[in-house]
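To start, the structure under review is shown below, and the notes come after it.
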Amino acid sequence: MAKNFSTREENYSQWYNELVVKADLAENSAVRGCMVIKPYGYAIWERMQAALDKMFKDSGHENAYFPLFIPKSFFNKEASHVKGFAKECAVVTHYRLKTSDDGKDIVVDEDAKLEEELIIRPTSETIIWDTYRKWIQSYRDLPILINQWANVVRWEMRTRLFLRTAEFLWQEGHTAHETSQEAVKETLTILDIYAKFAEEWMGVPVLKGLKSQSEKFAGAIDTYCIEALMQDGKALQAGTSHFLGQNFAKAFDVKFLSKENKLEYVWATSWGVSTRLMGALVMAHSDDKGLVLPPKLAPIQVAIIPIYKKEDQLEQISEKVKKIKILLEAKGISVKYDDRDTYKPGWKFSEYEFKGVPVRLALGPRDLENNTIEIARRDTLEKQIIPIEGIEDVIEKLLAEIQKNLYTKALSFRKNNTFSVDSWDDFKIQIEKGGFVMAHWDGTPETELKIKEETKATIRTIPLNNPQEQGNCIFTGKPSKERVVFAKAY
RNA sequence: CGGGGUAUAGCGUAGUCCGGUUAGCGCGCCUGCUUUGGGAGCAGGAGGUCGUAGGUUCGAAUCCUACUACCCCGACCA
């Protein structure tokens with residue numbers, strides 16, 4: 001584990017803020033709890049978006065867009081939903097400013113008070129279901145499989161860069177189905193997409209499972225999630241997929257005539273992942289030298305740095321690099337040739353390490369003579385000199401290997417930090433140390449709450465296909481038939 | 001909202017307890033020369049409403065009062 005990933009949170013937090021700023025990922029904005037995502041960071045997000053978007057479309061979904069503002073009354077309609085979000089809503093009350101009476105200031109024009117306040121969406125279930133009502137009459141109108149890429153606002157008490165910002169970017173899917181079974185199947189289809197994305201693109205292994213009833217989404221019947229373990233031993237919920245039952249259909253009166261000519265409520269799902277995934281990416285792989293990006297998401301996959309003394313040397317090098325660049329780009333590899341003469345090679349080496357660029361090439365006079373090139377990989381920091389001939393195949397293989405290696409490394413980290421615990425004392429000790437703690441639980445929200453109060457640990461997930469095993473609740477000693485995953489979480 | 005802390009140049013900070021020259025230092029920035037295979041060296045230079053407002057004083061970054069912002073811990077949470 002990188003030394004700055006100590007379990008002491010204050011160190012971690014300092015390192016994290018330092019890193020994301022240096023790596024040009026994001027910085028805090030002047031606006032409370034919001035963030036500016038700089039171009040390099042946004043390029044990572046764009047790659048995530050592209051991969052997810054394709055997966056959604058390949059499974060039959062379409063994109064659409066719904067309003068940012070939600071009339072306050074919409075929130076009243078689903079009781080547990082409003083309870084879950086009421087405390088973190090930004091509210092628009094006026095629509096006009098005016099110059100103050102003394103002419104010195106701009107103030108809110110009290111005459112421009114809205115009849116009904118508008119909520120800036122913290123999530124779009126309400127406005128979308130209000131719309132779906134108008135779209136759905138018959139079973140022929142179903143299913144509706146829609147995704148939206150949007151920003152949402154949740155006025156959190158305390159924010160944290162990427163993990164819990166007041167405004168964040170995300171995708172939210174909202175689907176409508178004829179039957180319960182079909183909706184549950186959709187929920188699980190999306191869960192699989194999320195898990196696949198996390199593991200195959202981000203290189204972050206995740207547990208797929210169910211949230212406990214007290215941790216589920218406000219308004220859901222069941223919340224499924226993917227749960228990842230960060231290098232500091234804390235858990236991060238990386239994505240959620242909700243089976244909403246008929247809750248929103250009933251709240252917004254969305255009915256359809258079935259094949260049997262019966263009027264029925266629609267079955268629903270919703271699901272989302274956010275820019276929090278960028279936080280997961282940073283925290284899962286980075287080391288003391290900075291970011292380590294999986295090749296599939298890295299905006300720059302290969303950085304090439306010339307080493308030269310004189311102008312004519314640079315020209316020779318540039319010529320050679322151009323050829324290499326064409327070969328690599330023909331394979332769909334993104335290449336950055338950094339021939340700035342304003343920074344020295346050592347500077348550039350550090351910079352691309354900070355930025356997590358998977359592969360770095362350096363080409364100098366010695367290489368020109370020998371027809372070789374220096375190749376360095378970010379994940380292991382290994383360097384070697386290899387012949388230029390056939391470099392494109394070597395790099396293609398190396399990128400695939402780095403992608404795989406990051407996942408393998410993260411997976412073995414998770415294995416080494418997952419513990420089965422059978423006594424309350426061991427439980428408390430292990431939770432304090434960090435990691436996933438597998439323990440028996442009597443299944444009641446009361447016990448869950450008490451455990452949370454005493455240890456700050458929450459049930460992260462009840463894994464799908466969880467092996468059944470007789471045991472006794474870690475806290476109450478009551479019988480239990482399976483272990484669940486406890487951890488301290490972000 | 002409760003508890004604790006901080007505010008001095010783009011960033012990081014010294015000075016504040018115990019008031020007293022022109023507010024000091026590092027990084028970064030600009031200019032010039034030498035450098036370039038792991039964050040260069042030397043020389044010169046620019047950059048400050050000391051968070052805001054008021055008060056005490058011959059004199060305030062320093063003492064007093066109020067306010068504001070930010071950070072950490074809790075409640076909340078993708």
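Given the structure is predicted, the values throughout are model-derived calculations rather than measurements. Labels below follow one simple rule: chain letters A, B, ... track the order of the sequence lines, proteins then strands, and each chain is numbered from 1.
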### A:F168 vs A:V153, side-chain contact (heavy atoms from CB on, under 4.5 Å): CA-CA, chis, key distance, verdict
CA-CA 7 Å; A:F168 56 94; A:V153 169; over 6 Å; no
## Note on the structure
Walking RNA chain B from its 5' end, the first of A:E351 and A:R460 to be reached, judged by nearest nucleotide, is A:E351
Quick one: which protein N/O atoms are closer than 3.5 Å to N/O atoms of nucleotides 35-38 of chain B? Pair and distance per line, please.
unit_1	atom_1	unit_2	atom_2	d
B:U36	O2'	A:Y308	O	3.3
B:G37	O6	A:G364	O	3.3
B:G37	O6	A:P365	N	3.2
B:G37	O6	A:R366	N	2.7
B:G37	O6	A:D367	N	3.2
B:G37	N1	A:D367	OD2	2.6
B:G37	N2	A:D367	OD2	3.2
B:G38	N7	A:K383	NZ	2.8
B:G38	O6	A:R360	NH1	3.3
B:G38	O6	A:R360	NH2	2.5
B:G38	N1	A:E353	OE2	2.6
B:G38	N2	A:E353	OE1	2.5
B:G38	N2	A:E353	OE2	3.3

#### Entry: Integer angstrom distance from the P of B:G47 to that of B:C30
15 Å
### Query
Hey, what's the ring geometry for A:Y132 with A:W129, parallel, tilted or perpendicular (30° and 60° as the breaks)?
perpendicular
### Message
Between A:Q171 and A:D53, is there a side-chain donor-acceptor contact under 3.5 Å, judged purely by atom types and distance?
### Response
no
### C1' spacing across the pair B:A7 / B:C67, given as an integer number of angstrom
14 Å
### Atom pair distance, as rounded to whole Å: CD in A:Q171 and C1' in B:A78
11 Å
#### Entry: Rounded C1' spacing from B:U22 to B:G15 in Å
15 Å
### Task
Return the value, rounded to whole Å, for the distance between atom CG of A:L449 and atom P of B:A75.
11 Å
### Message
When the P atoms of B:C17 and B:U65 are compared, how many Å lie between them, rounded to an integer?
### Response
14 Å
### Task
Find the distance A:K488:NZ to B:G74:C1' and express it as a whole number of Å.
14 Å
### Query
If the P atom of B:U57 is compared with that of B:U62, how far apart are they to the nearest Å?
16 Å
### Query
For A:D341 and A:Y308, does a side-chain donor sit closer than 3.5 Å to a side-chain acceptor?
no
### Query
Does a donor on one side chain sit under 3.5 Å from an acceptor on the other, for A:N247 and A:K77?
no
#### Entry: Span that lies between the C1' atom of B:U6 and that of B:C50, in whole angstrom
14 Å
### Dot-bracket encoding per residue of RNA chain B, Watson-Crick/G-U cut-off under 3.5 Å, | denoting interstrand
(((((((..((((......[...)))).((((((.....)))))).....(((((..]....))))))))))))....
For nucleotides 30-32 of chain B, list the nitrogen or oxygen atoms of the protein found under 3.5 Å from its nitrogen or oxygen atoms, one pair per line.
none

### Task
Start with the C-alpha gap between A:I459 and A:I451, add the side-chain angles, then the distance that decides, and say whether side-chain contact (heavy atoms from CB on, under 4.5 Å) holds.
CA-CA 9 Å; A:I459 297 175; A:I451 292 173; over 6 Å; no
### Query
Do other residues, nucleotides or ligands put more than 12 heavy atoms under 6.0 Å from the NZ atom of A:K72?
no
### Between B:U52 and B:A61 - P atom distance, rounded Å
11 Å
### Message
Roughly how many Å apart are B:G5 and B:A66, using the P atom of each and rounding to a whole number?
### Response
16 Å
### Task
Nearest whole angstrom, please: distance from the C1' of B:A75 to the CD of A:E453.
12 Å
### Query
Within the structure shown, what part of the strands sits under 4.0 Å from A:S274 by heavy-atom distance: base, sugar-phosphate, or nothing?
base
### Message
Using 30° and 60° as the class boundaries, would you call the ring planes of A:H242 and A:F217 parallel, tilted or perpendicular?
### Response
parallel
## Note on the structure
Taken to the nearest whole Å, NZ/A:K38 to P/B:G10 is 16 Å
### Task
On the 0 to 90° scale, with breaks at 30° and 60°, tag the A:W149-A:F56 ring pair as parallel, tilted or perpendicular.
tilted
### Message
If you apply the rule side-chain contact (heavy atoms from CB on, under 4.5 Å), what do you find for A:V335 with A:I300, and how did you get there?
### Response
CA-CA 6 Å; A:V335 183; A:I300 302 168; over 6 Å; no
### Query
Centroid-to-centroid, A:F66 to A:H174, below 6.0 Å?
no
### Query
Whole Å only: how far is the OH atom of A:Y224 from the P atom of B:A78?
18 Å
### Message
Considering every strand and a 4.0 Å limit on heavy-atom distances, what is the contact class for A:F217: base, sugar-phosphate, or nothing?
### Response
nothing
### Query
Distance only, no hydrogens: is a donor on one side chain within 3.5 Å (strictly under) of an acceptor on the other, for A:T240 and A:T223?
no
